[in-house]
Structures are given as C-alpha cells and as structure tokens.
Amino acid sequence: HLYIYPNDVTLDDTIRAARHIGMRFHPTRGIMTLGKSKGGLPPDDVVEETGAALRDAKRLIEQYHDPARYSMLRVGIAPCSPFSVTNECMVEAAKLARQYEHVRLHTHLAENSQDIEFSEKTYGCRPGGYLKQVGWDQDDCWFAHCVMLDGAEKRQFAERGLGIAHCPSSNCRLASGICPVRELRDAGVNVGLGVDGCASNDSGNMLEQARLALLLQRGLMRDVKGLQVREALELAIQGGARNLGRDDIGRIAPGFAADFVAWKLSGNVALAGAGHDPVGALLLCTPGYVDLSVVNGEQIIRDGRLLTCDLEALLREHAAASARVCAAVGSPHL
C-alpha cells in the first residue's frame with residue numbers, strides 16, 4: 001500500500017522489484033487527496049488530484065493486473081484513509097475497481113479514537129456509515145486496523161463480507177489499541193494479518209505478527225482461549241488469502257499454487273525440543289528466518305539464502321539510502 005510518490009517514484013518500481021525477486025504480489029495504488037489546508041491530515045505537498053491518481057491506477061491495472069488463477073500479480077486501489085482522501089476519491093475508486101475482474105479495494109479504517117472523531121465530525125457518522133456513503137460496504141473491500149469498530153459495525157462487516165487486516169505491532173507501537181480479533185472471528189468476520197509499514201513497524205516478519213496477535217488476544221481477554229496457535233496461523237495464511245480474494249493460495253493441497261516455506265528442525269537452537277509440536281513451536285518459539293521458500297513452484301530461498309538477487313549488495317544500497325534520509329530529516333524520538 002504505497003500512497004506517497006516523491007521524486008517521480010511510481011508503483012512500477014515496486015512491481016519490477018517484486019518480479020525480480022519472484023514474489024507473488026498484490027500491490028495497491030495508494031492515494032491521498034485531502035491535504036491539511038482542506039481539513040485532512042497529510043501535508044498539502046504530498047496529496048494528488050483525484051482524477052490524475054485514478055488515471056494512474058487505471059494505467060497500472062491495464063498494464064500489470066492479471067486476474068487469472070495462480071496470478072503472480074494483481075493490482076488493487078487503495079485510498080489511504082477517511083482523513084486523507086475526499087469522498088469523491090473513495091466513490092470513484094470503487095467505480096474504477098469494479099470495472100475489472102479481481103481488482104480489490106483497500107483502506108485504513110477505525111484505527112484509533114481520533115479516526116472515529118474525524119468521521120463523526122466530518123461525515124456525520126461512524127466508520128460503518130461512512131462505508132455505506134461511499135459504496136465500500138461490499139465484499140471486494142478489506143480494511144487495515146479496525147481497532148475501534150462498535151457492535152453494529154462488527155455485524156455489518158460479517159453480513160457484508162468485509163475483511164480486516166489486523167496489524168498488531170503497528171497498533172501497539174502507535175498506542176492505537178488492540179483489535180478485538182476473537183470477537184470479530186466469533187461474529188463471522190474474516191480477519192487476516194498485516195505488518196503495516198516502516199513508519200509504524202520496522203519489522204516485516206509475518207510470523208512475528210501472528211505470534212503477537214496470539215499473545216494480545218490472550219492478554220486482552222485474560223483467557224488462553226483468546227486465540228489458539230493454529231487460529232493465529234490461519235489468520236496469517238487463509239485469512240490473508242481471503243482478504244486478497246484468492247481461492248488458489250493459502251493451502252498445501254491439490255489445486256492450490258505451490259507456495260510454501262519451511263524451517264529445519266535439526267540444528268535450530270530456537271526449536272530445540274519442539275519436535276512433538278513443530279507447528280505450535282512456530283509461534284511459541286522464535287524459529288528465525290526460513291530455510292526454504294517456494295513461490296509458484298520456484299525456489300526463492302534455499303538453505304536460508306536468497307537466490308534471486310545479490311542480497312549483500314542490496315543491503316549496502318539500502319543502508320546508504322537510509323543514511324541519506326536520516327541526515328535530511330533527523331532522528332525520531334522512539
């Protein structure tokens with residue numbers, strides 16, 4: 001979900017990188033159109049005009065989007081949040097996406113109490129009502145966070161087939177709260193997992209998110225049944241696949257894409273003694289990086305080594321870029 005495009009950056013750059021590495025990829029063309037001068041959150045110099053942004057989204061869909069089964073790349077449209085885009089942008093994004101097969105819609109929603117206050121003040125309703133206003137209460141939409149949904153909105157999500165990407169590390173780091181995953185699942189809402197972005201989570205480790213989701217629900221409910229290990233893994237795998245509208249990934253079974261990862265049980269100190277339940281150990285222990293990653297039947301990682309690019313060179317380039325950014329903007333207060 002990329003929604004800031006400085007220095008002539010485009011989503012094409014990310015797509016090229018994903019293809020080079022060999023990832024199955026669902027990039028979303030993010031958009032911000034409501035700047036601070038018009039009552040929104042983002043600075044005016046990072047917002048776009050709705051028409052131009054949606055024309056670029058249309059270009060990306062027609063250039064890259066593959067709706068076929070086992071597709072390696074599907075494009076979505078993702079206005080950033082209710083406090084950073086206009087209603088026009090949300091409405092027109094939905095109209096555009098629904099002209100194409102398997103183009104889905106994504107945004108941030110009900111992340112914290114400020115989100116709720118903004119929605120009530122600006123749109124005269126809570127997030128659930130806002131989704132109805134802009135035509136986003138359909139089953140081709142999924143939403144990040146959803147920490148602050150009320151009872152009626154939870155029922156709305158279940159009845160309308162709306163998905164949630166639970167981002168536990170981001171929600172904790174930003175002190176947003178804890179998404180009530182147990183309640184949502186029990187209500188019939190599909191919940192997947194997300195890592196959010198580098199501004200609020202410096203780790204992209206999905207297994208870490210599954211572990212934290214497990215622990216947070218147990219702590220929130222003061223009950224070990226708040227979330228079970230295999231439920232947390234189901235969030236990360238099948239829950240995420242459903243959010244993306246995929247029925248061809250997320251399982252090792254006939255008819256599904258050959259996507260899987262593996263860890264060695266032998267020689268891994270973190271998994272010592274875990275042979276009686278290696279699945280549970282994935283979350284209750286800390287197994288480290290994968291030893292094997294296969295995507296679409298192709299080995300991307302073997303024996304813990306990335307095969308599709310020069311990782312050392314890439315890390316040096318990344319460190320240099322990070323140093324330039326930090327020198328320009330200074331160090332944050334962590």
Side-chain angles (χ1 to χ4, degrees), residues 23-26 142-147 157-158 161-172 178-196 201 203-221 223-266 268-297 300-301 304:
M23 296 171 60
R24 194 180 302 278
F25 196 36
H26 280 250
W142 90 103
F143 304 90
H145 308 303
C146 295
V147 172
F157 268 59
L162 309 178
I164 293 172
H166 173 37
C167 303
S169 287
S170 172
N171 295 157
C172 288
I178 301 172
C179 179
V181 172
R182 177 78 275 157
E183 290 182 27
L184 290 163
R185 282 176 60 86
D186 289 348
V189 179
N190 183 66
V191 182
L193 285 182
V195 300
D196 210 345
N201 180 8
S203 170
N205 188 324
M206 185 63 76
L207 204 62
E208 180 184 80
Q209 304 309 305
R211 173 183 167 86
L212 185 55
L214 167 80
L215 298 177
L216 285 175
Q217 292 307 301
R218 292 186 178 191
L220 179 66
M221 299 188 67
D223 188 341
V224 294
K225 296 180 181 178
L227 202 64
Q228 299 293 306
V229 167
R230 283 159 177 78
E231 286 184 296
L233 287 171
E234 194 267 342
L235 296 182
I237 303 170
Q238 285 89 26
R242 286 190 289 269
N243 276 342
L244 298 176
R246 303 293 297 244
D247 62 0
D248 54 354
I249 60 174
R251 296 183 186 275
I252 300 177
F256 284 76
D259 295 357
F260 57 90
V261 293
W263 289 261
K264 291 180 180 178
L265 290 175
S266 60
N268 188 333
V269 173
L271 296 177
H276 65 290
D277 186 2
V279 174
L282 285 176
L283 295 194
L284 299 178
C285 303
T286 49
Y289 296 122
V290 300
D291 293 294
L292 175 70
S293 177
V294 174
V295 179
N296 205 41
I300 305 302
I301 295 174

Handout entry: Stepwise side chain to side chain contact (heavy atoms under 4.5 Å, CB included) test for Val189 and Cys146
Key = CA-CA 11 Å; Val189 179; Cys146 295; over 6 Å; no

Practice task
Mind running side chain to side chain contact (heavy atoms under 4.5 Å, CB included) on Leu292 and Lys264 for me, showing each step along the way?
Solution key: CA-CA 9 Å; Leu292 175 70; Lys264 291 180 180 178; over 6 Å; no

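For Asp291, there are no salt bridge (charged side-chain N to carboxylate O under 4.0 Å, His left out) partners at least two apart in sequence or on another chain. Partners of Val229 under the side-chain contact (heavy atoms from CB on, under 4.5 Å) rule, at least two apart in sequence or in another chain, are Leu214, Leu233, Leu283, Leu284. Residues that satisfy the side-chain contact (heavy atoms from CB on, under 4.5 Å) test with Ala258, not counting sequence neighbours, are absent from this structure. With sequence neighbours left out, Asp223 forms a side-chain hydrogen bond (donor to acceptor under 3.5 Å, both in side chains) with no residue at all. Every residue was checked against the side-chain hydrogen bond (donor to acceptor under 3.5 Å, both in side chains) condition with Gln217, not counting sequence neighbours, and none meets it. Every residue was checked against the salt bridge (charged side-chain N to carboxylate O under 4.0 Å, His left out) condition with Arg251, not counting sequence neighbours, and none meets it. Every residue two or more places apart in sequence or in another chain that forms a side-chain hydrogen bond (donor to acceptor under 3.5 Å, both in side chains) with Ser169 is listed here: Gln209. With sequence neighbours left out, the side-chain hydrogen bond (donor to acceptor under 3.5 Å, both in side chains) criterion links Glu183 to Lys154. Under the rule for a side-chain contact (heavy atoms from CB on, under 4.5 Å), the partners of Ala281 that lie at least two apart in sequence or sit in another chain are Leu271, Ala274, Cys285.
Residue pairs satisfying the side chain to side chain donor-acceptor pair (under 3.5 Å) criterion with at least one member in residues 233-247, sequence neighbours excluded, are listed as follows: His26-Arg246, Arg69-Asp247, Arg185-Glu234, Asn190-Arg242, Asn190-Asn243, Glu234-Arg242, Arg246-Asp248. Sorted by first and then second residue, the salt bridge (charged side-chain N to carboxylate O under 4.0 Å, His left out) pairs involving residues 207-218 (not counting sequence neighbours) form an empty list.
In this structure, Leu184 and Phe157 have side chains that are not in contact, with every pair of non-hydrogen atoms separated by 4.5 Å or more.
When Leu212, Leu215, Val181 are each tested for a side chain to side chain contact (heavy atoms under 4.5 Å, CB included) with Pro168, only one passes: Leu212.
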